[in-house]
Amino acid sequence: MPELPEVQTIVDDLLAAGLPGAAVTAVAVHWPRSVAGLNVCEFAERLSGRRISGIRRRGKFIVFDLAPDLHLLVHLRMSGRLLLVAGGGELSPHQHVIIALDDGRELRFHDPRKFGRMYLVAEAGERLGRLGPEPLARGFTARRLAEGLGGRKRSLKPLLLDQSFIAGLGNIYVDEALWDARLHPCRRSDSLAAGEVVALHRAIRKVLRRGLRNNGTSLGAGQSNFNSIGEKPGSNREALRVFRRTGLACPRCRSPIARIIVGQRSTHICPRCQTAP
DNA sequence: GTCTATGTTTGCGG
DNA sequence: TCCGCAAACATAGA
């Protein structure tokens, strides 16, 4: 579900809620597979007593630093949410992991589809090392993107969704970026002219920054829809140009937006602005 | 009942 | 090795 802007919104909200500094007092796991690599007891034992020293994002992972040498990584996948609530409240059906804190609050992992995962690692690089560059980092230049694209022979869309190529993009922001750069999702990565790479680089950063400004994209009111902590929705849906706008007018040329399937994923394009290779 | 879904991983065949 | 494709995970909503 959540991509870079949604995950960053959650991280920002956790920071604003004053979570760093709190210590874990108790852990309950109601769906063991939400915890990867460890059994429930090991997970609870290793987490209990640890203090949260920092919270950050890497790709689509939320990283809780538990000083000095432990990290809780949370990947929300399709339907995961984090909730920060007053302790002792009743447990609703999809809340699979409850982390009680010494300030009286509870961090709860809510995940109807159960695809999300929590990882507890000593070395953050164990999980994060395979991720590609952060698209909003200073070091992510058009030149670096050009080198990456040129070294591969894949279709643009599946390549941009590949987290080892670039970290944090998902179906929404890839469709939006390709539309903005006027590139068809099936274009081969090594076929782009220099100007097209610059346009793509600019488009990726533009759509992500806009998503961030709008606190992420919330698509509906359902249980698996994105909401930040405290059920707070984002407003970026209004800013989407093509994603889930099949049949509506392209904001640039007024042609109807089309929905096609690329790399097994639903894909939205303007057939006139984004011509097939 | 049918179709779709903001994600990732694995296994297969070219 | 690289690439594309299908399936698996599990559930809700239209």
Side-chain angles (χ1 to χ4, degrees), chain A residues 1-10 30-37 57-62 73-82 92-96 109-119 127-132 148-178 185-191 207-208 210-212 214-228 233-247 259-268 277:
Chain A
M1 169 185 76
E3 309 179 25
L4 186 155
E6 291 75 36
V7 175
Q8 186 66 54
T9 298
I10 292 166
H30 303 291
W31 180 260
R33 288 172 67 171
S34 293
V35 175
R57 178 193 61 76
R58 174 73 172 101
K60 299 177 190 172
F61 286 87
I62 301 164
L73 311 182
V74 181
H75 198 300
L76 302 170
R77 294 274 185 101
M78 295 289 275
S79 64
R81 283 189 204 180
L82 288 181
S92 75
H94 304 300
Q95 295 177 358
H96 307 312
F109 178 56
H110 173 277
D111 187 18
R113 289 180 67 177
K114 300 174 178 169
F115 289 169
R117 291 288 179 273
M118 290 186 157
Y119 306 82
R127 277 277 143 196
L128 308 179
R130 292 191 289 271
L131 293 175
L149 293 170
R152 306 293 214 104
K153 298 181 175 182
R154 294 178 70 183
S155 295
L156 283 179
K157 172 145 182 176
L159 184 58
L160 294 173
L161 287 173
D162 183 339
Q163 301 299 298
S164 69
F165 180 76
I166 182 171
L169 293 176
N171 216 24
I172 298 175
Y173 295 97
V174 166
D175 280 7
E176 292 296 311
L178 289 172
C186 295
R187 284 284 299 278
R188 254 177 55 154
S189 60
D190 60 349
S191 77
V207 300
L208 291 176
R210 186 165 60 208
L212 278 170
N214 293 327
N215 300 306
T217 304
S218 296
L219 290 167
Q223 284 284 294
S224 49
N225 177 53
F226 163 75
N227 276 291
S228 188
S235 64
N236 197 57
R237 183 177 196 172
E238 300 157 38
L240 299 180
R241 307 296 200 259
V242 288
F243 190 80
R244 291 205 194 166
R245 294 180 56 81
T246 310
R259 177 177 170 275
I260 61 177
I261 302 295
V262 179
Q264 297 180 276
R265 304 300 300 277
S266 171
T267 299
H268 310 79

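A, B, ... follow the sequence lines: proteins, then strands. Residue 1 opens every chain.
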task: Considering just the side-chain nitrogens and oxygens of S266(A), establish if one lies under 4.0 Å of OP1 or OP2 belonging to dA5(B).
output: yes

message: If I pick the C1' atom on dG1(B) and the same atom on dC9(C), what distance separates them, to the nearest angstrom?
response: 22 Å

- prompt: Whole-Å distance between dT9(B) C1' and R265(A) CZ?
  reply: 13 Å

Euclidean distance, atom CG of residue D190(A) to atom C1' of dC3(C) [Å, nearest integer]: 12 Å

message: Say we look at dA10(C) and dC3(B): how far apart would their P atoms be, to the nearest angstrom?
response: 22 Å

Side chains of E238(A) and S235(A), donor plus acceptor under 3.5 Å: no

task: Round to a whole Å and report the spacing from CG of L160(A) to P of dG7(B).
output: 13 Å

task: May I ask you to say what R259(A) touches in the nucleic acid, namely base, sugar-phosphate or nothing, with a heavy-atom cut-off under 4.0 Å?
output: sugar-phosphate

field: Presence of K153(A) side-chain N/O under 4.0 Å of dG4(C) phosphate oxygens OP1/OP2
entry: no

task: Take the protein atom CE of M78(A) and the nucleotide atom P of dT4(B), then report the distance between them rounded to whole Å.
output: 13 Å

- prompt: Does the side chain of R152(A) get closer than 4.0 angstrom to OP1 or OP2 of dC2(C) through an N or O atom?
  reply: no

message: For K60(A) versus V7(A), what's the shortest heavy-atom pair and its separation?
response: O-CG2, 3.7 Å

CD on E3(A) to OG1 on T217(A), rounded to 0.5 Å: 7.0 Å

- prompt: What's the CD1-P distance between I260(A) and dC5(C), to the nearest Å?
  reply: 12 Å

message: Tell me the closest heavy-atom pair linking P185(A) and P158(A), and the distance in Å.
response: O-CD, 4.4 Å

- request: Taking atom C1' in both dG4(C) and dT6(B), compute the distance separating them and give it to the nearest angstrom.
  value: 22 Å

- prompt: Can you check whether Q163(A) has a side-chain N or O nearer than 4.0 Å to OP1 or OP2 of dG7(B)?
  reply: no

- prompt: Taking the nucleotide of DNA chain B with the closest heavy atom to each, which residue, S218(A) or R127(A), is nearer the 5' end?
  reply: S218(A)

task: Nearest 0.5 Å please: distance from the CZ atom of F243(A) over to the CZ atom of R259(A).
output: 9.5 Å

- prompt: Between the main-chain N or O of G80(A) and the side-chain N or O of D111(A), is there a donor-acceptor pair closer than 3.5 Å?
  reply: yes

- line: When rounded to the nearest 0.5 Å, the distance separating CG of L131(A) from CZ of R127(A) is 10.0 Å

field: Under 3.5 Å on both distances, the Watson-Crick or G-U partner of dA10(C)
entry: none

query: To the nearest angstrom, how far is F226(A) atom CZ from dG7(B) atom P?
result: 13 Å

- request: In whole angstrom, give the distance that lies between atom CG of L169(A) and atom P of dT8(B).
  value: 10 Å

message: Can you tell me how the ring of W31(A) sits relative to the ring of H96(A), calling it parallel under 30°, perpendicular over 60° and tilted otherwise?
response: tilted

field: Base-contact (B) and sugar-phosphate-only (S) positions in nucleotides 7-14 of chain C, heavy-atom cut-off under 4.0 Å, - elsewhere
entry: B-BBBSS-

statement: Here the distance between atom C1' of dC3(C) and atom CG of L149(A), to the nearest Å, is 16 Å

query: OP1 or OP2 of dA5(B) less than 4.0 angstrom from a side-chain nitrogen or oxygen of S79(A), does that happen here?
result: no

